[in-house]
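Predicted, not measured: the structure shown is a model, and the values here were computed from it. By convention here, the first residue in the shown sequence is residue 1.
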Amino acid sequence: MAELNRLDATEGRLRLGDGRRLAFRDQGDKQGRVVVLCHGWPGSRLQGPPDPGLPARLGLRLITLDRPGFGRSSFQPGRRLIDWPADLATLADGLGLNRFTLIGVSGGGPYALAAAALLPERVDRLGLISSLAPLDKAGGLGRLYPPVWVGFRLAASCPPLFRLILSLFRLALATGRDRAGNLILGRLLPADRTVLARSEVRGMFAADVREAFRSGPAGPAWDLGLLARPWGFDPAALRVRTWLWHGTADKVVPLGHGRYLSDVIPGCRAEFVPGAGHFFAFDRLAGLLAELLAG
């Protein structure tokens, strides 16, 4: 039996059958439509609307989770991407949720896809925002933004070195010298820089990324390595209604990833946003949620 411990009005941790803890944030209208968000990489349960009042105004109950090894969630040795749906189902049982809408953002897209594929009786619809596609199907590592490409290569081929790099990045975050983050920000499209320059968006992401590394680099390093390997399921077998949004000028996860997913997922409703970069959704989140839930 799962044991639910409330930390405060919006935070919780669930004890799983193997003794691990799964941390989550529960916000918005507790009687509203349930939406579960799978955070990008790196990320945590703190990733979500820059305006914390948005879910309640939309009549939504928004639940975000730390994947294993991120934030306050326990590391899970040897985990696979397809192990994630079991954790999500246990959380849904612990919160008394029967069915819910699922959203995956960027590196959280594969996790949302896995849950929709393996829990079709629980997921009523799926939204994918700037989502990564299987790297062995969408053109390989070479099509990714160079820093992302390097991260995937190191995570898959030299985990110790990648963990060391992430440890240094974590130290930079902790001391406020986010040189890596500023370098990446400076090389993004003007549209992305504009979004991330907004104080509420930058503040949300800063807290989100710092929380991602709360327990060290092992969880984020393992997570990226999983995304670089075969996923263990076929998105073409999906039977959940799916909406997809991807910027045509996304430099982090190129447009080819969105096109691949829209082509292979049966009945996928895709919108490719002209001139938009990787982070466009944080300017359009209210509209995207409304579109997803009204469809």
Side-chain angles (χ1 to χ4, degrees), residues 38-43 67-70 76-88 102-120 123 126-163 165-166 184 217-240 242-270 272 277-278:
C38 296
H39 63 75
W41 189 98
R67 289 198 291 275
F70 290 84
Q76 183 182 11
R79 77 175 171 98
R80 304 165 298 169
L81 193 150
I82 56 174
D83 293 328
W84 172 246
D87 283 0
L88 185 55
L102 195 56
I103 295 177
V105 179
S106 188
Y111 287 89
L113 281 161
L118 300 178
L119 302 173
V123 180
L126 171 66
L128 299 171
I129 300 174
S130 306
S131 178
L132 192 74
L135 295 181
D136 57 342
K137 302 293 186 181
L141 295 174
R143 299 183 65 177
L144 293 167
Y145 181 45
V148 178
W149 178 83
V150 171
F152 274 118
R153 288 297 299 268
L154 290 176
S157 63
C158 191
L161 177 58
F162 188 54
R163 288 195 298 271
I165 292 172
L166 290 185
I184 293 171
W222 188 270
D223 195 86
L224 200 67
L226 289 182
L227 298 180
R229 304 183 188 105
W231 290 357
F233 69 95
D234 185 0
L238 212 64
R239 294 297 179 265
V240 173
T242 302
W243 283 254
L244 178 149
W245 300 273
H246 210 111
T248 62
D250 191 336
K251 289 179 64 175
V252 179
V253 178
L255 178 61
H257 287 248
R259 292 203 183 281
Y260 173 83
L261 291 172
S262 70
D263 287 343
V264 303
I265 296 173
C268 180
R269 304 182 188 184
F272 301 106
H278 191 65

(Q) Is the shortest side-chain heavy-atom distance between Leu261 and Thr242 below 4.5 Å? (A) no

Q: Only counting residues at least two apart or in another chain, list the ones meeting side chain to side chain contact (heavy atoms under 4.5 Å, CB included) with Ile165.
A: Leu154, Leu161

Q: Any pair with a residue in residues 257-267 that passes salt bridge (Lys or Arg N to Asp or Glu O under 4.0 Å), sequence neighbours left out, goes on the list, sorted by first then second residue, please.
A: none

Q | For Asp250 against Ser130, the heavy-atom pair lying closest together | A | OD2-CB, 3.8 Å

Q. Which residues pass the side chain to side chain contact (heavy atoms under 4.5 Å, CB included) test with Leu118, sequence neighbours left out?
A. Ile82, Pro85

Q.
Could you report the tightest heavy-atom contact between Ala218 and Arg163, atom names first, then the distance?
A. CA-CD, 4.3 Å

Q: Check whether any side-chain heavy atom of Asp87 sits under 4.5 Å from a side-chain heavy atom of Gln76, and report yes or no.
A: yes

Q. Do you know which two heavy atoms are closest between Arg67 and Gly40, and how far apart they sit?
A. NH2-O, 3.7 Å

Q | Minimum heavy-atom distance Ser131-Gly109, with the two atoms named | A | OG-CA, 3.3 Å

Q | side chain to side chain donor-acceptor pair (under 3.5 Å) partners of Arg79, counting only residues at least two apart | A | Tyr111, Asp223

Q: Could you check if a side-chain atom of Trp84 sits within less than 4.5 angstrom of a side-chain atom of Leu226, using non-hydrogen atoms only?
A: no

(Q) For Pro220 versus Trp41, what's the shortest heavy-atom pair and its separation? (A) O-NE1, 2.8 Å

Q) How long is the gap from CG on Asp234 to CD1 on Ile265, to the nearest 0.5 Å? A) 10.0 Å

Q: Calculate, to the nearest 0.5 Å, the distance between atoms OG and CZ belonging to Ser262 and Phe272 respectively.
A: 3.5 Å

Q | For Arg229, all residues meeting side chain to side chain donor-acceptor pair (under 3.5 Å), sequence neighbours excluded | A | none

Q: State which residues pass ring pair (Phe, Tyr, Trp, His ring centres under 6.0 Å) with His39; sequence neighbours excluded, sorted by chain then number.
A: Phe70

(Q) In the structure I gave you, are the side-chain heavy atoms of Leu102 and Cys38 within less than 4.5 Å of one another anywhere? (A) yes

Q | Residues in side chain to side chain donor-acceptor pair (under 3.5 Å) contact with Ser106, at least two apart in sequence or another chain | A | His278

(Q) Using side-chain heavy atoms (C-beta onward) and a distance below 4.5 Å, is Pro77 in contact with Trp222? (A) no

Q: Could you pull out the closest heavy-atom pair between Ala228 and Leu135, with the gap in Å?
A: CA-CD1, 3.6 Å

**Q.** Any residue meeting side chain to side chain contact (heavy atoms under 4.5 Å, CB included) with Ser157, in chain and number order, not counting sequence neighbours
**A.** none

Q. Which value, rounded to the nearest 0.5 Å, describes the distance between Arg269 atom CZ and Leu244 atom CG?
A. 13.0 Å

Q. Which pairs with one or both residues in residues 103-118 pass salt bridge (Lys or Arg N to Asp or Glu O under 4.0 Å), sequence neighbours excluded?
A. none

Q: Would you please name every residue forming a side chain to side chain contact (heavy atoms under 4.5 Å, CB included) with Ala155, sequence neighbours left out?
A: Phe162, Leu224

Q.
Contact between Leu113 and Leu126 at the side-chain level, heavy atoms closer than 4.5 Å - yes or no?
A. yes

Q.
Tell me whether His257 contacts the main-chain N or O of His246 through its side chain, where contact means a donor paired with an acceptor under 3.5 Å.
A. no

